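Heads up: the structure comes next, in structure tokens.
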Amino acid sequence: MAATADADNASGSEGLQRVEKDARGAIYAQPDVDWSSYDALLLEPATVAFRKNWQQNQNFDSRGTMRLTDRDVEKMRQEGAKLFLQEFAKGLEKGGWEIVDEAGEDVLLLKPSLVDLYIVAPDPDNRLGTWNKVYAESFGDMTLFLEMYDSVTHQI
């Protein structure tokens, strides 16, 4: 009989162990990290990845009325990454964190990724105009994948 690994209890490739899991997701960390030694955060630019076949599905569903080009998707990816980082930084600062521009002994490096992004009603160039309304059951969904590193040693 072959042994199967329980993904919820498996350690990560970097020696990470699950420390929390709820409906929002799971958190993995090294068990011996002293989080109190970090007073500031350094943010790397966010990466954005759409759900597999999202553009093709949107274009099929639109039936030619508002087809998304590769340029449209790249524009949404870049603008979305920039907007996410601005809002993410605001939220962290509201939570009491100092955002810095350089690595340091007390600085935690954050590498955010938005993955599996699915936008229900994309309008990259505001083609519908500000006076039209789009009705949808949701905006869409995505997964936030956040890696945290010591900014000096780059240890996860």
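One-based numbering along the sequence shown. Remember, predicted model here, so these are calculated numbers, not experimental data.
Side-chain contact between Tyr149 and Ile156 is present, with at least one heavy-atom pair separated by less than 4.5 Å. Side-chain contact check for Asp72 versus Arg67: every heavy-atom pair is 4.5 Å or farther apart. Residues Pro112 and Leu85 are in side-chain contact: their nearest non-hydrogen atoms beyond the backbone lie under 4.5 Å apart. Looking at Arg51 and Asp141, their side chains come closer than 4.5 Å, going by heavy atoms from C-beta outward. Two residues are said to be in side-chain contact when any heavy atoms from C-beta on lie closer than 4.5 Å; His154 and Leu109 meet this criterion. You'll find the side chain of Leu68 stays beyond 4.5 Å of the side chain of Phe50, heavy atoms only.
In this structure, CG in Leu83 is found 10.0 Å from CG in Leu114, a value given to the nearest 0.5 Å. Put simply, OG on Ser113 and CD on Glu147 are 6.5 Å apart, with the number rounded to the nearest 0.5 Å. Taking CG of Asp32 as the reference point, atom CD of Gln17 lies at 9.5 Å (rounded to 0.5 Å). Leu144 contributes atom CG, which lies 5.0 Å from atom CZ of Phe84 (distance to the nearest 0.5 angstrom). Distance check: Arg77 CZ to Lys75 NZ gives 14.5 Å after rounding to the nearest 0.5 Å. Annotation: the span from Glu98 atom CD to Glu93 atom CD amounts to 9.0 Å, rounded to 0.5 Å.
Both Trp97 and Leu146 are part of a single hydrophobic cluster, where members link through side-chain heavy atoms under 4.5 Å apart. Under the 4.5 Å side-chain heavy-atom criterion for Ile, Leu, Val, Met, Phe, Trp and Tyr, Leu16 and Val115 are members of distinct hydrophobic clusters. No path of Ile, Leu, Val, Met, Phe, Trp and Tyr side chains, each step under 4.5 Å between heavy atoms, connects Phe145 with Met142, placing them in separate hydrophobic clusters. Leu41 and Val152 fall into different hydrophobic clusters, where Ile, Leu, Val, Met, Phe, Trp and Tyr side chains are chained together by heavy-atom contacts under 4.5 Å.
A salt bridge does not link Arg71 to Glu74: none of the charged nitrogens lies less than 4.0 Å from a carboxylate oxygen.
Nearest approach of Ala46 to Ala81, heavy atoms of both residues: O-CB, 3.5 Å. Across all non-hydrogen atoms, the minimal contact from Val48 to Gly80 is CG2-C, 4.4 Å. Considering all non-hydrogen atoms of both residues, Trp54 and Met76 come closest at CH2-CE, 3.5 Å. Annotation for Leu43 and Ala89: closest pair CD1-CB, 3.8 Å, computed over non-hydrogen atoms. In terms of heavy-atom proximity, Leu42 sits nearest to Val100 at CD1-O, 3.2 Å.
Sparse packing is recorded around CD of Glu102, with 12 or fewer heavy atoms of other residues, nucleotides or ligands lying under 6.0 Å away. Within 6.0 Å of the CG atom in Asn53, the count of heavy atoms belonging to other residues, nucleotides or ligands exceeds 12.
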With side chain to side chain contact (heavy atoms under 4.5 Å, CB included) as the criterion, how do Asp70 and Gln55 come out once you've worked through the C-alpha distance, each side chain's angles and the decisive distance to 0.1 Å? CA-CA 8 Å; Asp70 292 344; Gln55 179 183 0; 3.1 Å; yes

Given salt bridge (charged side-chain N to carboxylate O under 4.0 Å, His left out), test Lys82 with Glu79 step by step and report yes or no. CA-CA 5 Å; Lys82 189 182 341 175; Glu79 289 182 8; over 6 Å; no

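Remark: the Asp150 side chain and the Thr153 side chain contain an N/O donor-acceptor pair separated by less than 3.5 Å.
Relative orientation of the Tyr38 and Trp35 rings is tilted, given thresholds of 30° and 60° on the angle between their planes.
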